[in-house]
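Note sheet for the following structure.
One-based numbering, in listed order, for ligands and for the atoms of each. Hydrogens, waters and symmetry mates are skipped; everything else that's a heavy atom, side chains included, is used. Not measured: the values here are computed from a predicted model.
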Amino acid sequence: MKIIDASVRTFWYTTHEETDSDGHAHPGPARRVKKALLTLTCEDGTSGHAFGSPEQLRPHLLERFIRPVVLDQDALARERLWQDLAHWQRGSGGQLSDRTLAIVDCALWDLAGHLLKAPVYKIIGSYRDKVPAYGSIMCGDELEGGLATPEDYGGFAEKLVARGYQAIKLHTWMPPVRWSPNIEMDLKACSAVREAVGPKFPLMLDAYHWYSREEAYELGKGLEALNFTWIEEVMDEQSMSSYAWLTQELKIPVIGPESMGGKYKHRAEWIKAGACDILRTGVEDVGGITPALKTMHLAESFGMNCEVHGHGAENLAISAATKNCRWYERGLLHPFLDYDACPEYLNRIPDPMDEEGFVWLSQEPGLGEDINFEYIDANLAE
Ligand SMILES: O=C(O)[C@H](O)[C@@H](O)[C@@H](O)C(=O)NO
Ligand SMILES: [Mg+2]
C-alpha cells in the first residue's frame, strides 16, 4: 500500500496557556493560536494524522524533506522511512528537527493503525491497557492563589491526590519569577507537598535546569530527607559528566536526559557514563515513537526504567507498550486550568484518567487522537 499524498492544514484554536521567557507554560488569558496537522494518505484513501506546530510543518520542510521521503513509499515501511528522514537531518542545515521527525513518524504509526484496524500500542505489542499517571504540576508563578507559595503547592497536591493521581511531580519556581531560582524555596515547596500527601506517596522534583553541582547536591540531599522518588533536570544536561558526578554522590535516583538531542544514541552514552539511574525519553524529544521505543528497550537491556516525557496519545502509547516505565506524565497541571477540558480540535481528550489514577488507552484504530476535522476545516488559518 503506497503513500500518495502528504499535506498540512494550519488552523486556529483557543488556548488558556502562555509561555514564559524560558519556554515554560503558565495559565494565561484565552487567546487564539495556530496549530498544524500533517496528513499522510494512501492510494486506497486511508490516512494517518499527527499534530505539530506550523513552524515544525512549514512548507519548506514538507516540500524539501517530508514529501520526497514518504511519497510513493510503502505506508508500513516506518523503520526505513524514519531512517531516511533522520539521515537527512545532517544535510538539512539544522532545518529538519527531531520534532518534525516525530510528527512524521507519529502520522506513519497512526496510518498503520488505520490500515491494520488496531490501536498503535497494540501494533507495537501491548504490555497493559491502562497506565498509572503522575500529576505533573506546572512551574511556579507569582499568581495570587496559583503556584506562588509552598502552601499553594501543598494545597494543590491535596486536590491531585483526591483526583486519584498515584504520584506527583513538582516543577518549582524558575526565572522569570523575580526571586528564583531558590533552593530553599524549592525544598519548602517539596516539604509542603510531602506534608500534604503523607510519608509514602511517590513524589518527584523537576527544578531549575541550571543549578551548579554544589546546588544540585544540596537540593538532592534535601529531597532524600523528604523521601522523594527521583530528581530531574537540576543541572544543564549538556554536561553529562556533571550528571555522572551527581548520580555517584546522591542516593535519590537521578533521571535524564530529557532536553538533550541525540535520540537513543546519546542516551546510550548517558547509561555508559553512569549519568543517570533512570533513563528519560519522549516521542517529541527523540524524533518519534520509533526511536523512543529503541530508547526504552536500550534502558531495559541495562535493567533500567525509562520514564516518558510529556503527555498525549503518542507518549501514552509507548508507555502502554513497554514494561520498564512506571508512569504516564499527565500534565501540565495548574489550579487555574481544567486539564480535562477537551481542546476544540478534538472530540475527546487522549488521556482520560479514572478515579484510581489510571489512564486508559483508546481501543480505536490509530494513535488514539479523536480528531474533530469539522472544527479544523472550519477554522483554517490560511
Ligand atoms: O519546558 C519544560 O521544561 C518541560 O516541558 C516541562 O514543562 C515539563 O514538560 C517537563 O519537564 N516534564 O518533565
Ligand atoms: Mg522534565
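Contacts with ligand 1 closer than 4.0 Å are made by side-chain heavy atoms of K169 only, the backbone lying farther away. At a heavy-atom cutoff of 4.0 Å, ligand 1 is contacted by no atom of D22, backbone or side chain. With a 4.0 Å heavy-atom cut-off, ligand 1 is reached by no atom of M138. With a 4.0 Å heavy-atom cut-off, ligand 1 is reached by no atom of E284.
The atom of E258 that is an N, O or S and sits closest to the Mg ion (ligand 2) is OE1. If you look at E232 and ask which of its N, O or S atoms sits nearest the Mg ion (ligand 2), the answer is OE2.
Using a 30° and 60° split on the angle between ring planes, Y217 and W245 fall in the tilted class, from 30° to 60°.
Applying the salt bridge (charged side-chain N to carboxylate O under 4.0 Å, His left out) rule to E63 yields the partners R67; only residues at least two apart in sequence or on another chain are considered.
W360 CH2: 12 or fewer foreign heavy atoms inside a 6.0 Å radius.
For ligand 1, none of its N or O atoms has an N or O atom of Y134 under 3.5 Å away. Checking only distances, D206 does come within under 3.5 Å of ligand 1, N or O to N or O.
Metal site remark for the Mg ion (ligand 2): D206 contributes an N, O or S atom at a distance under 2.8 Å.
In the model, Y211 has a side-chain atom that pairs as donor or acceptor with a side-chain atom of D186 under 3.5 Å.
Within the 3.5 Å criterion, the main-chain N or O of E79 finds no donor-acceptor partner in the side chain of T290. S239 places no side-chain N or O within donor-acceptor distance of the main-chain N or O of M235, the cut-off being under 3.5 Å.
Residue, atom and distance of the protein heavy atom nearest to atom 7 (O) of ligand 1 are L332 CD1, 3.3 Å. Remark: minimum distance from atom 12 (N) of ligand 1 to any protein heavy atom is reached at E329 OE2, 2.9 Å. Counting protein heavy atoms only, atom 9 (O) of ligand 1 is closest to H309 NE2, 2.9 Å.
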Could you please spell out the steps behind the side chain to side chain donor-acceptor pair (under 3.5 Å) verdict for N379 and Y13?
CA-CA 8 Å; N379 290 275; Y13 75 102; over 6 Å; no
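Within the 4.5 Å cutoff, no side-chain heavy atoms of K2 are placed close to those of Q73.
Taking a cut-off of under 4.0 Å to the non-hydrogen atoms of E232, the atoms of ligand 1 that pass are 13 (O). In the vicinity of H209, heavy-atom distances shorter than 4.0 Å reach the ligand 1 atoms 3 (O).
Screening E314, R128, Q363 against Y121 for a side chain to side chain donor-acceptor pair (under 3.5 Å) leaves a single residue, Q363.
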